[in-house]
Amino acid sequence: MSFNELYGSNSFGEAVMRERLPKAIYKELKSVQAGEKDLGIEVAEVVANAMKDWAIEKGATHYTHWFQPMTGLTAEKHDSFISPTADGRAILEFSGKELTQGEPDASSFPSGGLRATFEARGYTAWDVTSPAFLSEEGSGGCKTLVIPTAFVGYHGEALDKKTPLLRSMQAISKSAMKVLKALGNQSSKRVITTVGPEQEYFLVDADYFSQRQDLILTGRTVFGALPPKGQELEDHYFGAIPERVSAFMNELNIELWKLGISAKTQHNEVAPNQFELAPIFGYSNVATDHNQLVMQTMRKVAKRHGLICLLHEKPFRGVNGSGKHNNWSMGTDDGMNLLEPGKTPEENLQFLVFVCAVLEAVDTYSPLLRLSAANTGNDHRLGANEAPPAIISVFLGDQLQAIFESIAAGKSVVSGSGQKLELGVTTLPKLPKDLTDRNRTSPFAFTGNKFEFRMVPSSESIAAPNFVLNTIVAEVLEKVAVKLDGAKDIKAAVKDLVTETWKNHARIVFNGNGYTEEWVKEAEKRGLPNLKSSVEAWPYFGKPESVALFEKHKILNKEEIHARLDIVLEKYSKQINIEAGVAFEMATREILPACASYAAELAGQAQVLSAVGASQGSIAKRAAEIAALVDQAYVKADSLMKAKLIAKDVAEALPQAQAFRDKVFVALEDLRAPIDALEKLMPKELWPMPTYEELLFGL
Ligand code: ADP
Ligand code: MG
């Protein structure tokens with residue numbers, strides 16, 4: 001099959017719709033997608049029928065509403081197209097109603113108590129803007145038509161990750177349009193946020209994986225000493241991709257291309273056996289769906305190659321973790337990128353205004369952004385000893401920063417090429433990408449025509465970071481629109497805006513190395529929050545001013561926010577609880593018994609050697625050293641269990657999560673120290689599980 005035939009062959013996307021839908025219906029559907037019209041049942045009937053025919057021609061027998069509950073995974077409920085007839089036969093059917101609405105049994109998905117206060121039902125509603133697709137291995141190997149949906153409760157309460165994202169896209173469109181109108185734009189009808197999430201991941205050999213209880217049950221290694229070689233040589237970054245991995249990548253590409261997901265670049269990351277996939281960007285909600293599919297497909301295809309794909313944020317201690325780089329921008333329906341520096345004066349004003357809005361939003365609401373990237377795994381990546389600090393700052397690049405500084409100081413602007421620029425009269429330079437993209441340590445970097453939010457956890461849906469980003473920028477744009485609306489001299493008004501923004505929010509801009517200790521101190525001086533763990537960050541979500549913000553833009557109401565807060569806190573506690581249980585078992589049932597026997601064996605050898613008068617002092621010493629560590633580890637394992645039991649008994653979600661972080665997690669790290677020391681003292685063949693060396697270099 002040629003690439004052209006392959007690409008999108010399993011996606012009910014633009015091309016298929018144009019081909020298969022009557023012109024009038026296609027046009028109607030486009031207006032619905034653009035938010036100009038509501039979906040009528042007649043349109044739904046015709047689309048459902050076309051989807052069904054397309055899917056059945058491709059061998060599908062089932063359809064499913066696909067959604068993203070708060071578990072962070074995706075869920076689906078399969079139904080068959082088969083409909084019995086009165087005369088005992090069956091026909092294949094799919095109605096408009098079946099397309100637009102479903103009612104999965106919602107009771108088993110976390111709702112944070114939302115359903116208890118309303119009703120136990122949950123509904124899935126077709127997301128008209130995200131293309132349906134064909135899954136080749138649905139339940140029982142049936143090909144299945146998959147319909148992306150939002151999942152809500154009886155009264156419309158958001159029960160999933162996607163609903164607030166869709167709401168936030170509406171909110172930012174509304175506010176951004178007001179700003180565009182104030183700037184004199186008469187052609188654009190709406191603003192759409194775009195996202196290109198780069199996905200980092202590790203691959204490990206499936207055999208090694210299956211011998212590590214920690215990897216199987218928690219996705220990360222709770223123990224493991226670094227081999228003599230780590231990532232210090234940096235020889236993996238952009239190095240040659242191992243054959244087995246490239247076979248995996250090729251197949252992954254094909255699977256993704258079929259779904260109409262464009263995997264563009266793939267290369268080795270800094271850490272050994274770590275890789276990255278970058279798709280071509282799309283609308284935020286479609287990009288979010290596609291990223292879920294990317295993760296799902298990675299896991300599936302890896303297994304076919306005897307590999308396991310690790311999406312955990314920090315599978316290995318002492319080695320770089322994984323994240324997602326959430327490349328984000330705003331565009332108009334008529335094709336403008338609002339963060340493109342541009343060439344004409346009008347666009348320059350526009351660019352400055354939208355960058356100002358992002359700066360103010362990120363500075364004012366940085367705790368919200370920080371918490372949108374919080375999860376248990378990311379706690380090892382952000383704010384931990386070896387990772388970037390959890391401080392949000394914005395990288396603008398020297399050139400762009402100079403432009404802002406000059407405007408704010410009322411000076412004429414000098415471009416990179418030495419050319420003088422008068423705001424709104426001459427043009428801003430199109431920023432060369434390499435000037436803006438050198439800083440890899442910034443959590444929020446301007447990269448040419450978009451911002452790259454790099455704190456996002458690798459294993460998590462990108463819905464939360466994006467709905468937060470959209471909401472906070474929408475809020476600031478709303479205020480900007482008021483300032484610019486009806487301005488007699490728009491250039492002067494923009495100049496005032498830049499000056500004011502720079503005065504109040506320049507503290508968020510930092511172009512230096514974000515990984516240094518000096519920056520942590522400097523940030524503190526600037527008053528920038530440093531929320532080191534998820535548990536410190538999440539409570540900001542429930543603060544009255546946050547609730548007011550999300551309610552104002554109709555993203556989430558107070559109940560929905562508190563429900564979500566309960567869900568993430570509970571998940572955090574449960575995950576650390578599992579990690580503690582796993583660490584205890586691995587220590588007491590696998591590692592320590594092996595170490596104790598070896599210590600005894602060594603001691604026996606020393607005795608025998610001593611009996612023949614041989615020198616054995618260092619052997620006896622080694623035996624004693626191992627025995628002491630084993631003894632220490634048993635004591636620490638018991639303390640871990642005790643801390644775990646105490647934390648489990650805490651009733652409220654927040655103090656419980658705090659107990660898991662401050663007591664259980666700390667006890668786990670405490671146990672890790674003697675275990676990792678033992679690993680270095682034990683003979684290789686007696687260590688009961690594959691080591692970092694095998695996991696990281698064994699492909
Ligand atoms: P890099 O040099 O970091 O690889 P790219 O231009 O390839 O830069 O972009 C990285 C990611 O950013 C890709 O996933 C790409 O699709 C995405 N991206 C590019 N432009 C936009 C945009 N306007 N909005 C959102 N994402 C974008
Ligand atoms: Mg990147």
Side-chain angles (χ1 to χ4, degrees), residues 7 129-130 165 168-169 172-173 176 180 188 190-201 237-238 241 249 252-253 256-257 259-270 274-295 297-298 322-343 347 350-351 354-355 357-358 362 394-397 400 430-456 458 461-463 465-470 473:
Y7 193 82
T129 55
S130 185
L165 176 64
S168 75
M169 290 173 74
I172 195 169
S173 180
L180 285 178
S188 304
R190 61 192 181 115
V191 168
I192 311 121
T193 50
T194 51
V195 173
E198 298 165 76
Q199 176 74 47
E200 291 179 328
Y201 60 98
Y237 194 43
F238 280 87
I241 294 174
M249 283 179 175
L252 175 64
N253 279 343
L256 294 175
W257 289 342
L259 293 169
I261 302 172
S262 48
K264 208 184 69 171
T265 53
Q266 292 170 314
H267 57 80
N268 290 356
E269 271 300 316
V270 178
Q274 190 188 27
F275 307 92
E276 183 191 277
L277 179 146
I280 290 173
F281 69 96
Y283 292 173
S284 301
N285 64 323
V286 179
T288 301
D289 286 355
H290 282 181
N291 182 249
Q292 293 296 128
L293 285 174
V294 163
M295 292 193 287
T297 312
M298 277 176 168
S322 299
K324 281 193 240 264
H325 293 171
N326 192 85
N327 293 276
W328 173 92
S329 190
M330 297 169 265
T332 61
D333 60 322
D334 50 351
M336 259 191 301
N337 177 346
L338 299 175
L339 295 174
E340 176 68 51
K343 286 191 167 159
E347 278 169 353
Q350 177 179 294
F351 168 70
F354 282 94
V355 172
V358 174
V362 174
V394 178
F395 170 85
L396 281 184
L400 193 50
K430 190 170 179 333
L431 300 169
K433 251 191 101 188
D434 52 345
L435 276 183
T436 63
D437 199 20
R438 268 197 211 127
N439 190 319
R440 294 265 151 208
T441 63
S442 174
F444 202 94
F446 182 71
T447 52
N449 58 7
K450 61 192 188 292
F451 281 96
E452 188 170 343
F453 183 29
R454 301 197 179 114
M455 270 187 181
V456 178
S458 54
S461 159
I462 57 168
N466 284 294
F467 89 65
V468 168
L469 194 47
N470 292 349
V473 176

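Start at 1 and go down the list; that is how both ligands and their atoms are numbered.
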*Check: Ala463 main-chain N/O paired with Ser461 side-chain donor or acceptor under 3.5 Å*: yes
*Which atoms from ligand 1 have a heavy atom of Gly196 less than 4.0 Å away?*
14 (O), 25 (C), 26 (N)
*Start with the C-alpha gap between Glu198 and Asn327, add the side-chain angles, then the distance that decides, and say whether side-chain hydrogen bond (donor to acceptor under 3.5 Å, both in side chains) holds.*
CA-CA 8 Å; Glu198 298 165 76; Asn327 293 276; 2.7 Å; yes
*Proximity winner for atom 14 (O) of ligand 1, if only heavy atoms of Ala287, Pro279, Pro197, Gly282 are counted*: Pro279
_So does Gly260 get a backbone contact from the side chain of Tyr7, meaning a donor-acceptor N/O pair under 3.5 Å?_
yes
*Answer yes or no: is there a side-chain heavy-atom contact under 4.5 Å between Ile462 and Phe453?*
no
*Proximal atoms of ligand 1 relative to Ser329 (non-hydrogen, under 4.0 Å)*: 22 (C), 23 (N), 24 (N)
_Atoms in ligand 1 with a heavy atom of Ile280 nearer than 4.0 Å_ = 16 (O)
*asked:* Determine whether the aromatic ring centres of residues Phe444 and Phe451 are separated by less than 6.0 angstrom.
replied: yes
*side chain to side chain donor-acceptor pair (under 3.5 Å) partner of Ser322, chosen from Gln274, Gln199, Glu200*: Gln274
*Heavy atom under 4.0 Å from ligand 1: found in Thr447's side chain, backbone, both, or neither?*
neither
*Are any of the N/O atoms in Trp328 less than 3.5 Å from those in ligand 1?*
no
*Would you mind running through ligand 1 and noting each atom that sits below 4.0 Å from a heavy atom of Asn337?*
23 (N)
